[in-house]
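A, B, ... follow the sequence lines: proteins, then strands. Residue 1 opens every chain.
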Protein chains: 2
Amino acid sequence: MSRSSPAELKALIRDFRRDQIIDVARRLFGERGTIEVPMDEIATEAGVARSTLYVYFANRDELLRACLQRMHTLLLDSVVGSWERDSSPVERLRTLVLGMLERIDDNPAFFRLTLATQGAPSPAATTVGAELDLIGLDIAGLIRDVIEQGTHSGDFRLLDADKAMTFVGQQLYGAMSVRAGDPRPAPRHEAADELCSFLLYGLAGPARTDMHTLPAS
Amino acid sequence: MSRSSPAELKALIRDFRRDQIIDVARRLFGERGTIEVPMDEIATEAGVARSTLYVYFANRDELLRACLQRMHTLLLDSVVGSWERDSSPVERLRTLVLGMLERIDDNPAFFRLTLATQGAPSPAATTVGAELDLIGLDIAGLIRDVIEQGTHSGDFRLLDADKAMTFVGQQLYGAMSVRAGDPRPAPRHEAADELCSFLLYGLAGPARTDMHTLPAS
DNA sequence: CGGCGAATCGGACACCGTGTCTGATTCACT
DNA sequence: AGTGAATCAGACACGGTGTCCGATTCGCCG
């Protein structure tokens with residue numbers, strides 16, 4: 001134990017500190033936007049000196065990148081955890097949606113910012129953008145799996161997997177953006193159900209029998 | 001002509017200059033992101049002194065806001081122009097979608113940035129956000145009109161107008177974001193058709209008869 | 001205990017962009 | 001030629017970034 005400790009423990013502490021800083025940054029960035037938060041404040045809030053910050057992160061952008069990376073893993077964990085247990089494509093779709101909503105609700109402000117950073121082209125966002133793309137690719141892969149499984153099992157209408165994936169992805173993207181900006185979002189499960197329902201109307205084809213309120217006029 | 005000219009002409013020139021600056025800013029912001037472009041550069045590129053810039057716009061944020069406002073009017077013009085001519089809700093939906101795609105293609109980078117600014121909470125984005133919200137509201141209104149018209153005429157399934165509006169809006173939002181980031185986007189009309197098709201599958205209910213390639217397996 | 005080394009601190013520094021201001025200059029119109 | 005508005009160039013204070021370095025803390029080992 002004396003052999004592995006010194007080096008490994010050091011690394012552990014380092015990681016711990018890192019995570020601690022990232023959490024603070026994630027919160028602050030979320031609350032007030034990326035550019036609005038000076039490094040000073042992050043340092044103070046995290047209880048370290050500003051110069052120490054630069055020991056852990058080369059610059060502001062790399063810190064932001066680390067924040068995104070963290071959200072990446074959290075997001076995937078949210079989904080993949082329940083993923084394996086579900087079998088039907090409908091269930092999995094719901095799991096997927098629900099997982100993303102959970103992640104949003106966890107820190108909507110930062111999520112909003114995540115989507116925002118997406119669009120900004122800049123040397124900064126180039127580094128950052130790579131991270132974002134990774135998240136997108138992961139999700140896209142999951143969506144694709146669901147669709148293929150669904151069309152194969154006959155639960156979904158027959159459609160081009162690529163296009164379907166794109167559209168589902170777009171809808172998810174839009175839904176997340178809207179929810180992230182919504183001060184009083186609908187309850188998570190309800191929102192997930194509605195969203196899935198809308199997606200399935202398109203995916204599963206024939207109308208379902210929820211609402212027949214209006215006269216056919 | 002000597003009476004009205006001096007004052008009005010002055011205003012005209014002023015507006016012209018303003019627009020000229022806005023166009024330059026819109027391009028540069030689009031190319032490299034909002035924060036990445038110094039006021040110096042905008043001024044130089046627009047052929048005015050930096051101090052003159054501050055005569056026309058109180059600060060960076062107000063310049064950005066003006067850029068968004070411009071996109072707002074362009075966007076609405078794109079849509080409303082053809083709007084009146086169309087009668088069926090399906091046609092109008094397509095007009096709406098197509099108009100937005102046109103606007104994206106006109107300056108995708110800036111549009112990306114527009115969507116991006118959306119999410120960033122900050123004193124800056126508060127002013128800016130108001131402008132964005134206005135655009136959103138206008139579009140939402142148009143969507144709502146289409147949906148109500150469609151459900152009323154029987155072209156669409158019966159569904160809750162509010163929720164349908166939300167979902168269509170989300171889908172549009174997502175589609176625009178994706179297209180704005182796509183280096184080689186699909187031809188505009190084709191993209192519009194596909195998007196409408198996807199929306200209508202959900203809106204118009206029963207499956208259409210485009211693709212029956214796969215065996216029911 | 002005394003001392004070593006790594007991590008941390010605090011603060012000085014140069015650099016850059018912002019927004020303000022001022023006095024000089026241009027230009028159109030009379 | 002003269003007047004006034006628009007424009008210009010440039011100086012300025014301010015605030016944030018990223019770098020650097022000497023001083024300090026703290027755990028650990030002889």
Visitor: Using a heavy-atom cut-off of 4.0 Å across all strands, would you classify A:Tyr56 as base, sugar-phosphate, or nothing?
Guide: sugar-phosphate

Visitor: Taking CD1 from B:Ile13 and P from C:dA28, how many angstroms apart are they, rounded to a whole number?
Guide: 9 Å

Visitor: Would you say D:dC20 has OP1 or OP2 under 4.0 Å from some side-chain N or O of A:Tyr54?
Guide: no

Visitor: Which nucleotide, C:dA7, C:dG19, C:dG10, lies nearest any side-chain atom of A:Ser51?
Guide: C:dG10

Visitor: How close or far is atom P of D:dG16 from atom CG of A:Asp61, stated in whole angstroms?
Guide: 17 Å

Visitor: For the atom pair CG (B:Asp23) and CD (B:Glu45), what is the distance rounded to the nearest 0.5 Å?
Guide: 12.5 Å

Visitor: For the atom pair OG1 (B:Thr52) and CZ (B:Arg17), what is the distance rounded to the nearest 0.5 Å?
Guide: 7.5 Å

Visitor: Can you tell me the distance, in whole Å, between the CG atom of A:Asp40 and the P atom of C:dC9?
Guide: 14 Å

Visitor: As a test of reading the structure: which of C:dG19, D:dT7, C:dG10 is closest to the side chain of A:Ala49, going by heavy atoms?
Guide: C:dG10

Visitor: Record whether the side chain of A:Arg50 comes under 3.5 Å of the base of D:dG18 through a donor-acceptor pair of N or O atoms.
Guide: yes

Visitor: Within the side chain of A:Ser197, is there an N or O that forms a donor-acceptor pair under 3.5 Å with the backbone of A:Asp193?
Guide: no

Visitor: With a 4.0 Å limit, can you tell me whether A:Arg17 has a side-chain N or O closer than that to the phosphate oxygens OP1/OP2 of C:dT8?
Guide: yes

Visitor: Can you tell me if B:Arg179 uses its side chain to pair, donor with acceptor, with the backbone of B:Ala186 under 3.5 Å?
Guide: yes

Visitor: Over how many whole Å does the gap from A:Met39 atom CE to C:dG11 atom C1' extend?
Guide: 17 Å

Visitor: For C:dG17, does OP1 or OP2 lie under 4.0 Å from any side-chain N or O of B:Arg60?
Guide: no

Visitor: Rounding to a whole Å, what distance do you find between B:Leu12:CG and C:dA28:P?
Guide: 17 Å

Visitor: Given D:dC8, D:dG18, C:dC9, identify the nucleotide with an atom nearest to the side chain of B:Thr52.
Guide: D:dC8

Visitor: Measure from the side-chain heavy atoms of A:Val48 and tell me the nearest of D:dT17, C:dT20, C:dC9.
Guide: C:dC9

Visitor: Let me know the distance between CD of B:Glu41 and P of C:dT18, rounded to the nearest Å.
Guide: 10 Å

Visitor: When the distance from CD of B:Glu36 to P of C:dC16 is rounded to whole Å, what number comes out?
Guide: 15 Å

Visitor: Roughly, in whole Å, what's the span from CG in A:Leu53 to P in D:dT19?
Guide: 12 Å

Visitor: May I ask you to decide if B:Gly174's main-chain N or O and A:Gln171's side chain share a donor-acceptor pair within less than 3.5 Å?
Guide: no

